[in-house]
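These notes concern the structure reproduced below.
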There are 2 protein chains.
Amino acid sequence: MVTIYDVASRAGVSAATVSRVLNGKKVREPYGELVRAAAEELGYQPSRTARSLRLQHADVIALIIPDIENPFFTSLARGVQDRAREDGYAVVLCNTDDDPVREREYFDLAVAEHMAGALLAPASSTSDVSPLLKAGRAVVAIDRHVDQDLDTVIMDNHRAALDATTVLVERGFRRIACITGPEDVETASQRADGWRAATLTAGRDPAGLLEHGDFRMDSGREAMRAQLDGADPPDAVVVGNSLMAVGALQAMASRGMTPPDFGMAVFGDLAFAPIVPAGIVIIETPARELGSAAASLLLARIKGAEGASRTVVVETKIRA
Amino acid sequence: MVTIYDVASRAGVSAATVSRVLNGKKVREPYGELVRAAAEELGYQPSRTARSLRLQHADVIALIIPDIENPFFTSLARGVQDRAREDGYAVVLCNTDDDPVREREYFDLAVAEHMAGALLAPASSTSDVSPLLKAGRAVVAIDRHVDQDLDTVIMDNHRAALDATTVLVERGFRRIACITGPEDVETASQRADGWRAATLTAGRDPAGLLEHGDFRMDSGREAMRAQLDGADPPDAVVVGNSLMAVGALQAMASRGMTPPDFGMAVFGDLAFAPIVPAGIVIIETPARELGSAAASLLLARIKGAEGASRTVVVETKIRA
DNA sequence: CTGAAAGCGCTTACAG
DNA sequence: CTGAAAGCGCTTACAG
């Protein structure tokens, strides 16, 4: 491995001068030129490890997410990575499978690796990030709040669900059901609340039209089936994410129903669907923006931004 | 930050002894107990940065892929991560967007961070991994070969395409087209070759039935359109990945065709499709297995495995 | 077996 | 402005 001393002796200067040149501090010519030439010729790569140890701070951030195979989180990761790269930070992807134990292991890893900070899409609102906070690392919550005072980046789930439901009302649907996520998940209940508000505003009764799934495909199918087989079935549905929407469409299809005759609004797109029935209202979940906004907040904190925790709300768009 | 010296003084021993205990070397009791208790009480997390600098070796591997938003690569990443975690290695995800410049930057990063090795799904067969090799880092190629002597993990694209095509022949389809990836991509041409071999074995003429796309949705649609609008259109098609298959299905649908009447075989599943027409032959691409096999090879090399480069071929399965 | 000490490759306060 | 030296937190060859 070529070290800073190799460059120094080749350029005929001290290691301190090499360090200064390579970190953009002013030096007298021709030292700058000599150092740059020597570094180039030797193919010098400064050791980020040594640098991190010295500075007690690595240009690395952790992105801790529940499920790397969920397209929402991969887009989010994409947004984080692009933003981090701009500032020269590397991103370590940590997959928790919604397991609090694994989440905790990654907190410890982030500390042990001297990572500058962590972005957390929490497995649960009770996730305890104090190991990170105690070690002085910046933390930003994404998509959901945690029970601690943290910078947070979310979308306006209530508003989006309300608007999408209103579009269905305006299209003349009479009984609009809602399939959302687990009761104890913030984003799920916000979406249900938005749907309920729009329903009440339209003078309809939401009773019996709300289903809780688990954001996976099968639960969407089950929930839709339950609604369709009920005594007074709906003529439209608002679905809390795209995987459950896929399941719901399957349940509809097995009963010969399909949009646009049956109304539908969905959080997230159906990008990988070969055949998307027309007339589905898409609530675009801005996963990439969520990621890049969170990364921006985190990087600002890392660079020393002070002040109370902020919550950034990223815009959703309705494509109808 | 609590250091090894804090633990040492609390336990009344030297830092060397703490290090030995925590690294599983034998020490006389009650030192072991004292050290473990002190570490526990202080919530000691050894600095992986200091350790890496000292050992010239970090328990971190880079996973360098062209596109994190492609489900094939996310499944692969999942496989890598699970396998790496077993051995206590962290995975840094590096997204190249098929850009050789970014790929090269990540090679340098891997060296600068003292990473133990890299897993590379190469942007091109001309990717030059010598910066890694020169620095003594282990490298394994995934999905495609590179023009260097490297451990490689691939699937048997030729065999899989041949078998899938044969299933279509047995189902009575007469003119079976093939939509594969770019001509200069190894996996794409292997798939085309398998299709061609099966076609010839069945006594059919493959002329005019091969299309090259770019593994994205639009190119699948275009290619299918071109075939369907030709003078002598096919009655079946083998498609080189799932995104192009989605496009192909769209083109078929716009002409009122759909499986199972129109024959179809696809590399990769259609997991996110709400409505998958019946009778599609699925060639299961074992992305997770590819990832875990590659990680295993890499970890073995990191631990010092010697010998000539190996190529591991992961099994594909046909679901018909 | 245990401890004192050196050294991994950087950065920066300090002296000149 | 530049250089010598200390120190970040570990591990391990060496001496005892």
B:R310: partners by salt bridge (Lys or Arg N to Asp or Glu O under 4.0 Å), with sequence neighbours left out
none

Determine the contact category for B:Y31: base if any of its heavy atoms lies under 4.0 Å from a base atom, sugar-phosphate if only primed atoms, P, OP1 or OP2 are that close, otherwise nothing.
sugar-phosphate

Can you tell me if B:Q45 uses its side chain to pair, donor with acceptor, with the backbone of A:V111 under 3.5 Å?
no

Identify, residue by residue, the members of residues 32-42 of chain A with a heavy atom below 4.0 Å from DNA chain C, and return them in order of residue number, or none.
none

Closest non-hydrogen atom pair between A:D6 and A:V2, with its separation:
OD2-CA, 3.3 Å

Residue closer to the 5' end of DNA chain C, B:R54 versus A:A15 (nearest nucleotide)
B:R54

side-chain hydrogen bond (donor to acceptor under 3.5 Å, both in side chains) with A:R20: which residues, sequence neighbours excluded?
none

Suppose the criterion is salt bridge (charged side-chain N to carboxylate O under 4.0 Å, His left out): which pairs have a residue in residues 124-153 of chain B, not counting sequence neighbours?
B:D151-B:R301

Run the side chain to side chain contact (heavy atoms under 4.5 Å, CB included) test against B:T285 and tell me which residues pass, sequence neighbours left out.
B:F72, B:M155, B:F267

By side-chain hydrogen bond (donor to acceptor under 3.5 Å, both in side chains), which residues pair with B:T311, not counting sequence neighbours?
none

For the P atoms, the ones on D:dC10 and on D:dC14, what distance do you get once it is rounded to whole angstrom?
24 Å

Taking only residues two or more places apart in sequence or in another chain, which ones pass side-chain hydrogen bond (donor to acceptor under 3.5 Å, both in side chains) with B:T96?
none

According to the salt bridge (charged side-chain N to carboxylate O under 4.0 Å, His left out) rule, which pairs have a member within residues 39-65 of chain A, sequence neighbours left out?
A:R10-A:E41, A:R48-B:E113, A:R51-A:D59

Taking only residues at least two apart or on different chains, which pairs with a member in residues 28-37 of chain B satisfy salt bridge (charged side-chain N to carboxylate O under 4.0 Å, His left out)?
B:E29-B:R36, B:E33-B:R36

With a 4.0 Å cut-off on heavy atoms, is B:L55 in touch with a base, just the backbone sugar-phosphate, or nothing at all?
sugar-phosphate

5' to 3' contact window, DNA chain C with chain A (heavy-atom distance under 4.0 Å)
C:dG9 to C:dA13

Pick base, sugar-phosphate or nothing for B:R20, based on heavy-atom distances below 4.0 Å to the nucleic acid.
base

D:dC1 versus D:dA5 - spacing of their P atoms, nearest Å:
22 Å

Annotated structure of DNA chain D as dot-bracket, pair cut-off 3.5 Å, Watson-Crick or G-U only, | for inter-strand, is |||.||||||||.|||

Please figure out whether B:Q56 or B:V13 has its closest DNA chain C nucleotide nearer the 5' end.
B:V13

Residue set satisfying side-chain hydrogen bond (donor to acceptor under 3.5 Å, both in side chains) with A:K26, at least two apart, ordered chain then number -> none

